[in-house]
Amino acid sequence: MMVRRIAVILTAVSLAAAAACGKKAPPVARPAPPPPTTASTTPTPPPAPPDPMREPIVPAEPVRDDAIASASLDDLNRNSPLKPVFYELDSSDVSPVGQKVLDENATLLKRYPAWAITIEGHCDERGTAEYNLALGERRAVAARAYLVAQGISADRLRIVSYGKEFPFDPGHDESAFAKNRRAHFVITAK
Amino acid sequence: MKHSILAGTIAAAVLVGWPRAQQQPPPQPPPTTQQPSELVTTITGGDGAPPRLAVPDFIALSSDAETVAIAKILGQVLWDDLNFEHEFAFIPRDVYASIPKASSFAEVPFDRWRELNADGLVVGTVQKADAGVKVEVRLYDVRSRRSVFGKEYSGGAAANPRRYAHIVSDDIHLSQRALHGVAQTRLTFASDRDGERMKNTVQKRDVKEIYIADYDGERQTRVTVNGTLNVFPRWSPDGRSIAYTSYGKGTPQILISNIFQATREEVTKGNDENWLAAWSPDGTKLCIASPREGRGYTNLYVINRDGSGLRKLTNHPSINTSPTWSPSGAQIAFSSDRTGNPQVYVIGADGVGQAQRITASESYADKPTWSPAPYNEIAYTARTGPGNDIKVIDMATREVRQLTFGEGSNESPAFAPNGRHIAFTSTRAGKKQIFTIARTGKDLKQLTRSGNNEHPDWSAK
């Protein structure tokens, strides 16, 4: 998701840059057009410079409120508006970035008070299978505690730890590990 | 379906009293008068070396294809079973061909086996019987030409001739070396080999089911059909049930599968999470880990097998998990992160007193498993680098020895019931697979190859 968002930004930046270049060149360098074959005395005006402000803006995430309200639970979870929180190795501390994610999740949970969610705790493969059950639990608990502190009722937030049994990225490198150390949010009722 | 096939096979064996064993009349004393009489029934090697055995294929007393095939399997499996404990040296099989095959106990060419420096010779016969086959086995002292061990085995279950060899091997180890062999024991583990996916999840998640296999990895059989995440199986002390952690109802709970009755029991239920059941040595109780108090703490609880009588064993604001009982049942070893990363501790099974820390020099130690007597050791998983390795600590001297050395990542050790072998999970061959290794670090053997296989446990019987 992060990668996609960066790509979106890069695309927007390059489009803007291209537009900026295009704006200068044509009106200055282009000679006056040859006279038309048909009778007309007024010269054709040069094309209007493109307006960089009108460049198409790539939408951030195709999630609109009405879409959320009408989506099925599966569709909602497939492209979930609730973002995961990621953790450091052996840690269940919620980082400043994680807090921001949880703030956004809390906003959504307030907007949709009927939602009930399960917070899943997950771990990377470096810890042991046995200890990771408890570590995943602690990660899910940390996320829940933060949401409760934002005013979300604990009754809406169930917890389950999967340890390292369900990695999101099957890879064996740090980029995979980083994705697998997470609290993952599943909407179970709406 | 699989339950009933398995149960049927075992039940049939029990009903006909298989295997029946008949002890032969005691052998005659050897010619030398200096030998104490209690040594006459054991084979010895020269100069304290292990006895050198020859184990040729068994003799088929009828020429039908089934009997001939069973005779061949028995000799080969018995060789592997006996070799597993290293109590004997073996005359290599490829030189057996130079020796005329005996067709009965009366025609054994002892002189030729003597030329190969064999101390002992196993001769077995197989014949059809009313129910299945009859197997007769003798172990000869090649020098005296006397039988020092002889038994007859009969009953049904020609369907699994390997089991005859396993029983013979355990009998020979017990009579010759006073050793409890593990040839009849089994392993249990979790596997995703069937490629099934969890239902009702957006992410593709593999089902894991509980499997059992013979100690040598043969006859791998699925036990559970839950279609969910079933993990961390543990054999009951009587070898008739498996407790495991199942996510079938959303939260992880402890279930028991009674594998010979195809029945299932719920030890825990409800919204609280429960993991990692460990049987008390008498089989009446389970120690489990649960984060039920909330706040991210996990503590140990002891619960009766029927789900009654839950009591809290540890009470510490940290993670306390991975329980294993001492062989006497008086103590429980576990891991706790009360000082940072997890370390191994021991506490009385009554929960009274302070937990005593066992691992001193590890950055991260989990999944202790207490060895059976006569050893008093705890094997555990230690973080040694990017991955984990299996180590063993002697509880008397606190000396640590390492069994694996960074070949993939290695974890989840489980002792064989004689304490001489350890099953564990390793990624050295790619996916997670079950391996066994001797407590000395030798004899590494891969048992599984299909899918991911993990969380092994070794049956006591």
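Order of the sequence lines sets the chain letters (A, B, ...), proteins ahead of strands, with each chain counted from 1. Since this is a predicted model, take the numbers as computed values, not measurements.
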Which portion of E174(A) sits near chain B, non-hydrogen atoms under 4.5 angstrom = neither
Over all atoms of both residues, closest heavy-atom pair of A129(A) and H455(B) = CB-NE2, 3.7 Å
Option from N341(B), T321(B), D337(B), T381(B) for which side-chain hydrogen bond (donor to acceptor under 3.5 Å, both in side chains) with Y131(A) holds = D337(B)
inquiry  = Using modelled atom types and a 3.5 Å cut-off, is there a donor and acceptor pairing between side-chain atoms of N388(B) and backbone atoms of R126(A)?
reply    = yes
inquiry  = Please check this pair: side chain of E137(A) against backbone of S290(B), looking for a donor-acceptor N/O pair closer than 3.5 Å.
reply    = no
note = Heaviest contributor of heavy-atom pairs below 4.5 Å to chain B, chosen from T118(A), L135(A), V141(A), D75(A), is V141(A)
query = In terms of heavy-atom proximity below 4.5 Å to chain B, should R139(A) be classed as side chain, backbone, both, or neither?
reply = neither
query = At a heavy-atom separation under 4.5 Å, does A134(A) approach chain B through its side chain, its backbone, both, or neither?
reply = both
request  = Could you look at I159(A) and say if it's the side chain, the backbone, both or neither that has a heavy atom under 4.5 Å from chain B?
outcome  = both
message = With side-chain contact (heavy atoms from CB on, under 4.5 Å) as the criterion, how do L229(B) and E165(A) come out once you've worked through the C-alpha distance, each side chain's angles and the decisive distance to 0.1 Å?
response = CA-CA 8 Å; L229(B) 186 62; E165(A) 304 305 314; 3.8 Å; yes
ask   = Is there a side-chain contact between E273(B) and S161(A) (heavy atoms, below 4.5 Å)?
value = yes
task = Show the numbers, then the answer: is there a side-chain contact (heavy atoms from CB on, under 4.5 Å) between T201(B) and F166(A)?
result = CA-CA 11 Å; T201(B) 55; F166(A) 288 143; over 6 Å; no
query = Do NZ/NE/NH1/NH2 and the carboxylate oxygens of E411(B) and K164(A) come within less than 4.0 Å?
reply = yes
query = Taking NZ, NE, NH1 and NH2 as the nitrogens, is one of them in E130(A) or R234(B) under 4.0 Å from a carboxylate oxygen of the other?
reply = no
query = L76(A) versus chain B, heavy atoms under 4.5 Å apart: side chain, backbone, both or neither?
reply = neither
